[in-house]
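Naming: A, B, ... by sequence-line order, numbering from 1 per chain. Keep in mind that this is a model prediction, so the values were computed, not measured.
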2 protein chains.
Amino acid sequence: MAKEDDDGKGSYTYDYERPALTVDVVIYTIKDNDLKVLLIKRKANPYKDTWAIPGGFVKNGETLEIAAKRELFEETNVKDIYLEQLYSFGDPDRDPRGWVVTVAYFALISSDNLKISASTDAKDVKWFSAYKLPKLAFDHLKILDYAITRLRSKLEYTNVGFQLLPKKFTLTELQKTYEIILNKKLDKRNFRKKILSLDIISPLEEYKREGTHRPARLYSFNNN
Amino acid sequence: MAKEDDDGKGSYTYDYERPALTVDVVIYTIKDNDLKVLLIKRKANPYKDTWAIPGGFVKNGETLEIAAKRELFEETNVKDIYLEQLYSFGDPDRDPRGWVVTVAYFALISSDNLKISASTDAKDVKWFSAYKLPKLAFDHLKILDYAITRLRSKLEYTNVGFQLLPKKFTLTELQKTYEIILNKKLDKRNFRKKILSLDIISPLEEYKREGTHRPARLYSFNNN
DNA sequence: TCAAAAGTGTTGTGTGTACACCCATGT
DNA sequence: ACATGGGTGTACACACAACACTTTTGA
């Protein structure tokens, strides 16, 4: 019994029932002018043939973050991308097979890494619009709701947004990224003024020409 | 093996090793013009006689939040106080006895609940200044660092601060609370203007008289 | 009458917002 | 020459920061 003389880690006896522990990784990217989430189709029951957030068991000896990175790499073949812990979900009925607690992470992958990533073989792995999700397994809709909320608020007070862009990008691309995530239009002049005042990007001597209009200056992110 | 065909919850076989799962609850209050954290002294090895954040095992059938509330109640005899999930810590070497993953929560308890709380008997339970901590067990210093950072940032963009105050309080008390947590002086006039403009507190027809000076108006928080 | 904290406004500075036109290009 | 997106500045409103004196009380 966890009480009185037992502060939770006070006794030598670990005779409590233990949950299975997984990490789930919400992987976002920007593609086709849309915010995409990577989902995989389940091949076994429960929720057979239902889409789910990629994840897997944490192995003994791993940190939670290492486990998340491993899952991420297995799904996308990409390392060294932005990853942060999101929240832990442990409702006893979240998995019909038993007690499974999951630590959710979220990752941002830039569109220029996309070639490398996903559907490495005929697996059922697919990018879905974060705004048009299929039916999801377990409590994964709740996790995605939580993730997009976190992503939006982080976008307001940090520079995570750059994680989603290629090394070289135009200001319009950057603005589009913000608009897609925040799901609202931003004023072009104000956006540029704001971003440039932050001193976090540098203009390059390169331009992106595309279509029948003036070429757009390319910028790169200053990672200080 | 968690890979390829195994999305983590795709197989029926849960033949992975499972961690012990605990919740730890960082309980804050304001007392004696200081930010205090409730700690308990461990009675068994490892870290026998070392101070630690109260916590305990999660039981099967409980949500994580229920488990945290149960721990909180066991230590403080108080219910219905502010509680939020903080972060999960799962480094494999954080507990010398084995694999123990903890979901940390933080709670805010108002000083008028304090009579009821803590040291219900001769247990080694004590309020410590968050700024003068003793040597701590496990990775609990890391957890407290994380907690105070979260508390500070939440104070800036939410109204959690009121959770730490009695139902009736003066503006000076409120300001002190902010100053103690943020660990910096605030300007009296600016603070009052700001708080009052938020329309979250109402003046009462009561005054707090204390000492040889003008009595201070009491306010109460509007919980909408 | 004195000490001690309560209470109260104004001004400058910076940040967010609204808004419209010219520029460079490809066809 | 025209359609298309790229690129630029100003004016107003509002939030934040700095700052000092009067009020009320108990001793």
Gap between atoms CG and C1', on A:Asp187 and C:dA20 respectively (whole Å): 11 Å

Could you tell me whether the side chain of B:Glu179 and the main chain of B:Lys184 form a donor-acceptor pair under 3.5 Å? no

Using the salt bridge (charged side-chain N to carboxylate O under 4.0 Å, His left out) criterion, which residues pair with B:Lys142? Sequence neighbours excluded. B:Asp91

Of all of residues 205-217 of chain B, which get a heavy atom below 4.0 angstrom from DNA chain C, listed by number? B:Thr212, B:His213, B:Arg214, B:Pro215, B:Ala216, B:Arg217

Scan A:Thr170 against the nucleic acid and name what it touches under 4.0 Å (heavy atoms): base, sugar-phosphate only, or nothing. nothing

Could you tell me which residues satisfy salt bridge (charged side-chain N to carboxylate O under 4.0 Å, His left out) with A:Lys79, sequence neighbours excluded, listed by chain and number? none

Among residues at least two apart in sequence or on other chains, which ones pass ring-ring contact (aromatic ring centres under 6.0 Å, His included) with A:Tyr87? A:Phe89, A:Tyr146

List for me each residue that meets ring-ring contact (aromatic ring centres under 6.0 Å, His included) alongside A:Tyr47, sequence neighbours excluded, and say none if there are none. A:Phe138

With side-chain hydrogen bond (donor to acceptor under 3.5 Å, both in side chains) as the rule and sequence neighbours excluded, what pairs involving residues 158-170 of chain B come up? B:Lys168-B:Glu206

Base, sugar-phosphate, or nothing for B:Lys194, non-hydrogen atoms under 4.0 angstrom? sugar-phosphate

What are the residues of residues 158-168 of chain A, sorted by number, that bring a heavy atom to within less than 4.0 Å of DNA chain C? none

When rounded to whole Å, the CZ to C1' distance for the pair B:Arg189 and C:dA6 reads 13 Å

What residues form a side chain to side chain contact (heavy atoms under 4.5 Å, CB included) with A:Asn190, not counting sequence neighbours? A:Asp187, A:Lys193

The criterion is ring-ring contact (aromatic ring centres under 6.0 Å, His included); which residues satisfy it with B:Tyr219, sequence neighbours excluded? none

Give the rounded distance in Å between these two atoms: NZ of A:Lys188 and P of D:dG9. 13 Å

Each nucleotide N or O in nucleotides 10-14 of chain D that has a protein N or O under 3.5 Å away: list the pair and distance.
| from | atom 1 | to | atom 2 | distance (Å) |
| --- | --- | --- | --- | --- |
| D:dT10 | O4 | A:Lys193 | NZ | 3.0 |

Return the value, rounded to whole Å, for the distance between atom OH of A:Tyr157 and atom C1' of C:dG16. 20 Å

Test of understanding: with side chain to side chain contact (heavy atoms under 4.5 Å, CB included), list the residues that count as partners of A:Ala107, not counting sequence neighbours. A:Val25, A:Ile27, A:Leu72, A:Ile81, A:Leu83

Mind calculating the distance between NZ (B:Lys185) and P (D:dA17) to the nearest angstrom? 16 Å

Sorted by chain and number, sequence neighbours left out, side-chain hydrogen bond (donor to acceptor under 3.5 Å, both in side chains) with A:Asn183 holds for none

